[in-house]
Amino acid sequence: MDASDDASATVLHTTHERGTGGLVADSWLRCRARGVRRDDSRPPPLRWGPEELDAHRRAHPLASVLSLFRELLGSGAADDAHVFAVGDADGTLLWVEGDTGAMRRAERMRFVEGAVWSERQAGTNAPGTALELGRPVQIVTDEHYSAAVRAWSCAAAPVRDPATGRVLGVVDLSGGATIATPPALAAVRAAALAAEAQLARLPSVPLLGPDRGTAAPREVRLWALGRDSALLEYGDRRHHLSPRHSEIVLALALTGRGVTGDRLAVDLSERELPASTLRAEMTRLRAVLGPDLLGSRPYALLRPVRTDFDDMSRLLAEGRVGEALARYPGPLLPRSEAPAVVAHRRCLEQQLRGAVLGSGDIRLLRRWVEADWGTEDLGAWAALARALPAGSAQHAAAAARARALNLETAVFPQVRPYAAVLQRSRS
């Protein structure tokens, strides 16, 4: 094993600890098979000059939601030195904006408008790998395949045509330590969902490529929050899925595109899942859903999927925190241990909790701490105490509860109350 292989093994061990090992390992294998260079001697190519880029941007569907991305992702760029980027479905960056210093550093690795940041051209990176997988992705420092990008962390999510489910492009945040956090991944996912909601309100979304003019397929509805078994509706069909089928459908909905059996197995289990077991489970699921809804080779849901958790995230992106909290009956498939479900469950919890605590709204904070998942949330009780009038009985009660939880944390520092109650809700 040479030094390069040693470095790869170290990185992949780290990503396994973060729960992203399979995603990053698969991406690195694809990059190696495609001959992508790991050094920085060949930066991503520029696809267009200024005139061609300008024409492409004017015609692109995401031009109509650029102001939304600027509001949601660009407004705080100077505070934590990040840039946000919007690319097309091929990974070509159409807009790159943000902190001046970060923009200059990004230019040195050719993270610029007109450059192609697909996985084939730039190796493992958030916008390219998000497009490759058709789902939100976070790539942190040494997880990048190219040496030129390893000082950066990035999070990206694909943006889809709300009528057809076709990927229109990708939105990305790139920067330093603040982008290597779950809230950054939640932010790009929420921005993508908000963009899709805005696109759905427009008269039409122009399509690029062979799908132009095709009729929009019927939508699948999926409910999975606060349920151990998901509920799926399609037309006049209504299916209460088994826990394993719930995990499979959810993993496919999060991916948003066809996946191989190997990829799906990684999303469903940290342990090796025999191919024969997965094939048998998919055969049973196809018998439930029908071949018009579940495809194979690759495995995919063949209709656009609207989920209760996407609805909640969309409300948060629009600043409607109270409505989002009302749409949250509990964690996503709370008993599931499938890696794809666990990762998204944590992301949703952090996204909603952050919005509730940040609102300073006494009514919302009280609803949070009175719920099963918030009753031992030290941060929420402290936020409620701060929001209540000093000297009031309610303030004294909330402050006392926060002090009690703080004492528990001091006595048992390895257990955080918020994490503990979430764990109990799944057991």
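Below, each value reflects all heavy atoms present in this structure, side chains not excepted, and no hydrogens, waters or symmetry copies. On a predicted model such as this, the values are computed, not experimentally measured, just so you know.
Here the straight-line distance linking atom CG of Asp80 with atom CG of Asp99 works out to 8.5 Å at 0.5 Å rounding. Here the CG-CZ distance, from Leu384 to Arg363, works out to 13.0 Å after rounding to the nearest 0.5 Å. Summarising the geometry, atom CG belonging to Leu185 is positioned 12.0 Å from atom OG belonging to Ser153; distances are rounded to the nearest 0.5 Å. Atom CG of Asp88 sits about 4.0 Å away from atom NE2 of His56, to the nearest 0.5 Å. Separation of atoms OG1 (Thr124) and CZ (Arg38) is listed at 9.5 Å; rounding is to 0.5 Å. Residue Leu405 holds its CG atom at 8.0 Å from OG1 of Thr375, rounded to the nearest 0.5 Å.
Note on Asp308 versus Arg327: no salt bridge recorded, every NZ/NE/NH1/NH2 to OD/OE distance being 4.0 Å or above. Ion pairing between a basic and an acidic side chain is recognised when a charged N comes within 4.0 Å of a carboxylate O; Arg34 and Glu132 show such pairing. Salt bridge status for Arg346 with Glu349: absent, with no side-chain N to carboxylate O gap under 4.0 Å. Taking the charged nitrogens against the carboxylate oxygens, Glu370 and Arg367 have no contact shorter than 4.0 Å, which rules out a salt bridge. Between Arg47 and Asp90, at least one side-chain nitrogen of the basic residue sits less than 4.0 Å from a carboxylate oxygen of the acidic one, meeting the salt-bridge criterion. Salt bridge annotation for Arg57-Glu113: present, with a cationic side-chain nitrogen under 4.0 angstrom from a carboxylate oxygen. At a threshold of 4.0 Å, the pair Asp228-Arg335 counts as salt-bridged, since one of the basic side-chain nitrogens sits closer than that to a carboxylate oxygen. Using a cutoff of 4.0 Å between basic side-chain nitrogens and carboxylate oxygens, Arg263 and Asp267 are scored as salt-bridged.
By the 6.0 Å contact criterion, CD on Glu337 is open, its count of non-hydrogen atoms from other residues, nucleotides or ligands being 12 or less. Atom CZ of Arg110 has more than 12 heavy atoms from other residues, nucleotides or ligands within 6.0 Å.
Leu252 is listed as a side-chain neighbour of Val259, based on a closest heavy-atom distance under 4.5 Å. Leu278 places a side-chain heavy atom less than 4.5 Å from the side chain of Leu268. For the pair Val170/Val86, no side-chain contact is recorded, criterion being any heavy-atom separation below 4.5 Å from C-beta on.
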Is there a side-chain hydrogen bond (donor to acceptor under 3.5 Å, both in side chains) between Tyr234 and Arg303? Walk through the geometry before answering. CA-CA 9 Å; Tyr234 175 56; Arg303 298 292 184 269; 3.0 Å; yes

May I have the step-by-step check of side-chain hydrogen bond (donor to acceptor under 3.5 Å, both in side chains) for Gln351 and Ser313, ending in yes or no? CA-CA 8 Å; Gln351 185 183 2; Ser313 292; 3.3 Å; yes

Verdict with reasoning, Ser27 to Glu119, per side chain to side chain contact (heavy atoms under 4.5 Å, CB included): CA-CA 8 Å; Ser27 176; Glu119 214 179 61; 2.7 Å; yes

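Nearest heavy-atom pair across Pro329 and Trp373 is O-CZ3, 3.5 Å. Of all heavy-atom pairs spanning Pro339 and Glu270, the tightest one is CG-CG, 3.7 Å. When all heavy atoms of Leu131 and Ala89 are compared, the pair lying nearest together is CD1-O, 3.8 Å. Contact record, Ile139 with Leu23: CD1-CD2, 4.0 Å, taken as the closest heavy-atom pair.
Shown here are the ring pair (Phe, Tyr, Trp, His ring centres under 6.0 Å) partners of Phe69, two or more places apart in sequence or in another chain: there are none.
Because its NZ or CZ atom is both nearer than 6.0 Å to the ring centre of Trp223 and within 45° of the ring axis, Arg221 counts as a cation-pi partner of that residue.
The closest side-chain donor-acceptor pair between Asp172 and Ser174 falls under 3.5 angstrom.
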